There are 2 protein chains.
Amino acid sequence: MAEVSALAGRRSEVHISCMTGSAKLATVAACAGDPARASMLQLLMDGRAFTAGELSSAAGVAAQTASGHLFRMVDAGLLTVANQGRHRYYRLSSPLVAQMLEGMMVVAAANVVMTGPGNEAMRKARSCYDHLAGRLGVGIAQRLVDAGHVTLTDQGGEVTSSGTMFFRRIGIDAETTPSHRAFCRPCLDWSERRYHLAGVLGDRIMHFCFDEGWIRQKPKSRVVDITPLGTRKFREVFGLRLDI
Amino acid sequence: MAEVSALAGRRSEVHISCMTGSAKLATVAACAGDPARASMLQLLMDGRAFTAGELSSAAGVAAQTASGHLFRMVDAGLLTVANQGRHRYYRLSSPLVAQMLEGMMVVAAANVVMTGPGNEAMRKARSCYDHLAGRLGVGIAQRLVDAGHVTLTDQGGEVTSSGTMFFRRIGIDAETTPSHRAFCRPCLDWSERRYHLAGVLGDRIMHFCFDEGWIRQKPKSRVVDITPLGTRKFREVFGLRLDI
DNA sequence: GCGACGTTTCGGAAATGGCCGAAGTGTCGG
DNA sequence: CCGACACTTCGGCCATTTCCGAAACGTCGC
């Protein structure tokens, strides 16, 4: 990590650690405050790593421009980079960054009606770092709550005993809980403005849906496509109708 | 876009609602991405309203510069403004904005050691929108957890039955719960990197401490001073030693 | 080794945005 | 009605930043 910033001539002299509180806040915020960088961050929000080239085309800028942006975000601590052959893979440096971005998107979407044809697929279903969001994510969460399998308030979430059985029956592990991470966390959905399911359980549900072939990741995007099988299964298993 | 900002007063014609997702994210983020605006936002984070003049001096810029910044933040939906005589009071437009800022500060403080003489008072005790943060806030939360009065994980918080009795005894209402808001919410403290107590209960605890004269708001700042009475009471009531 | 490719650095043009002096609007107090 | 005050708008200066062409670097496939 240290040698990453050391190798370049583009060293930032003023180390972020000797800044005042508001200056550090501004440095971090300014990273997301540019349209090109914001586009990159949105793509990275699903937690996967992307190459500099993929990010440059996602942002709609030339490769050399993107390179500068990426350096800046690494320098600010938002991104980490891994060299792999002639590619460099960038990813968010921690889930905290994804949560921060989610918080910003909630505010960004708060005052306006989300209309925009380009966003329709995104609003329908997308991945959010390690769990599902959009109407699909909110819908699953809602059905689980309705069925009494989980409780989900803005104070936190919990799996009920009926939920434990339910998840065991369909093949999702809702019992082994790594202690260092929230297991069942509500997460405010910026497009639906209701809670969806995050934490370890949200992670496992999403991966289960991928493994079963119910959803498929759209290339170079956070959008997930719901397969015909998925459409049927979400109705059968969760009682969720997605055609509304 | 160029002529948009040029003509026609200071009204922004291009309404934020017709922006694409990442542009809106960038607009919101850019508000916090300037040192002057970041300073203002930090001051506003305790939820109180401040006049344009107070905010301009907090940011260290001239009144006319601040005016522009404030317009921009109102336009982006981060702030609301209320006219009162010849003053204009600005405040965060919603608790969601405070949460967003808190998330950004967590990331900003994540990679670095918080050292800086100016921040010592802030790290000791401050208000965070409607509850206490800093060593005081974290300490109170820790003592309440240790005593078994509340549980506090990253999934959420809860008041135990012993906690209900405890709060009743010292004079804090921990029973009537407005349904629309989290009652006992954990909130990651950026300076201590541990949880403190937010939500309705955090709100009531802070106001109780103010009313009892245990703490006092430092003028034009989020810093709170702990009075001699408070020092004694925090030890007697919570078993909290603040001189460490 | 060679060329193709992904990525970065350099350099300079252009746009953006912050900042303040000066002037304008609106409110309060006498 | 007047001046004092809080705040905003206007206009221009200046620093920062974004952007891309050109070129360099490192890796991969042949």
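Everything numeric here is computed off the predicted structure, so don't read it as measured data. All chains are named by letter (A, B, ...) in the order of the sequence lines, taking the proteins before the strands, and each is independently numbered beginning at 1.
Applying the side chain to side chain donor-acceptor pair (under 3.5 Å) test to A/Ser56 and every residue at least two apart in sequence or in another chain returns nothing. Under the side chain to side chain contact (heavy atoms under 4.5 Å, CB included) criterion, A/Asp34 pairs with A/Ala36, A/Arg37, A/His69, not counting sequence neighbours. The ring-ring contact (aromatic ring centres under 6.0 Å, His included) check on A/His131 picks up A/His196, with sequence neighbours excluded. Residues that satisfy the side chain to side chain contact (heavy atoms under 4.5 Å, CB included) test with A/Thr231, not counting sequence neighbours, are A/Ile226. Residues meeting the side chain to side chain contact (heavy atoms under 4.5 Å, CB included) test with A/Ala62, sequence neighbours left out: A/Gln64, A/Thr65.
Fit an axis to the five pairs at each end of the helix from C/dG1-D/dC30 to C/dG30-D/dC1 and the two axes sit 30° apart, to the nearest 10 degrees.
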N/O to N/O distances under 3.5 Å, protein versus nucleotides 18-22 of chain D:
from   : atom 1 : to      : atom 2 : distance (Å)
D/dT18 : OP1    : A/Arg37 : NH1    : 2.9
D/dT18 : OP1    : A/Arg37 : NH2    : 2.8
D/dT18 : OP1    : A/Arg72 : NH1    : 3.2
D/dC19 : OP2    : A/His69 : NE2    : 2.7
D/dC20 : OP2    : A/Ala62 : N      : 3.0
D/dC20 : OP2    : A/Thr65 : OG1    : 3.1
D/dG21 : N7     : A/Gln64 : NE2    : 2.6

Please tabulate, one pair per line, each protein N/O and nucleotide N/O from nucleotides 25-27 of chain C that are separated by under 3.5 Å, including the distance.
none

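Judged by distance alone, with hydrogens and angles left aside, the side-chain atoms of B/Arg88 form no donor-acceptor pair with the main-chain N or O of B/Asn83 at under 3.5 Å. A donor-acceptor pair under 3.5 Å is absent between the side-chain atoms of A/Ser67 and the main chain of A/Ala63, judged by distance alone. Side-chain N or O atoms of A/Arg204 include none that pairs as donor or acceptor with a backbone N or O of A/Val200 at under 3.5 Å.
Taking every heavy atom of residues 38-45 of chain A and every atom of DNA chain C, no pair lies under 4.0 Å.
Residue B/Tyr89 is classed as having no contact, given no heavy-atom separation below 4.0 Å to the nucleic acid. Looking at heavy-atom distances under 4.0 Å, A/Ser56 makes no contact with the nucleic acid at all.
Proximity of B/Arg88 to the phosphate of D/dT8: a side-chain N or O atom is located under 4.0 Å from OP1 or OP2. A sub-4.0 Å separation between OP1 or OP2 of D/dC7 and a side-chain N or O of B/Thr51 is present. Note on B/His87: a side-chain N or O is less than 4.0 Å away from OP1 or OP2 of D/dC7.
Rounded to whole angstrom, the span from the CZ atom of A/Phe71 across to the C1' atom of D/dC25 amounts to 17 Å. The CG-P distance, from B/Leu70 to D/dT9, rounds to 11 Å in whole Å. A straight line from CD of A/Glu54 to C1' of C/dT7 spans 13 Å, rounded to a whole angstrom. When the C1' atom of D/dC5 is taken as reference, atom CG of B/Asn83 falls 15 Å away, rounded to whole Å. Atom pair B/Met73:CE and D/dT8:C1' shows a separation of 15 Å (rounding to whole Å applied).
Contact annotation: the side chain of A/Tyr195 never approaches that of A/Asp189 to less than 4.5 Å [non-hydrogen atoms, C-beta and beyond].
A salt bridge is defined here as a Lys NZ or Arg NE, NH1 or NH2 lying under 4.0 Å from an Asp or Glu carboxylate O, and A/Lys218 with A/Asp225 meets this definition.
Sorted by first and then second residue, the ring pair (Phe, Tyr, Trp, His ring centres under 6.0 Å) pairs with a member in residues 201-220 of chain B read B/Phe208-B/Trp214, B/Trp214-B/Phe234; sequence neighbours excluded. Among residues at least two apart or in separate chains, salt bridge (Lys or Arg N to Asp or Glu O under 4.0 Å) pairs with a member in residues 47-69 of chain B are B/Asp46-B/Arg48.
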Can you give the donor-acceptor pairs under 3.5 Å from side chains of residues 96-104 of chain B to other protein atoms, not counting sequence neighbours?
none

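Rounded to the nearest 0.5 angstrom, A/Met40 CE and A/Phe50 CZ are separated by 12.5 Å.
Taking only side-chain atoms of A/Ser67, from C-beta outward, the nucleotide of D/dC7, C/dT7, C/dT8 with the closest atom is C/dT8.
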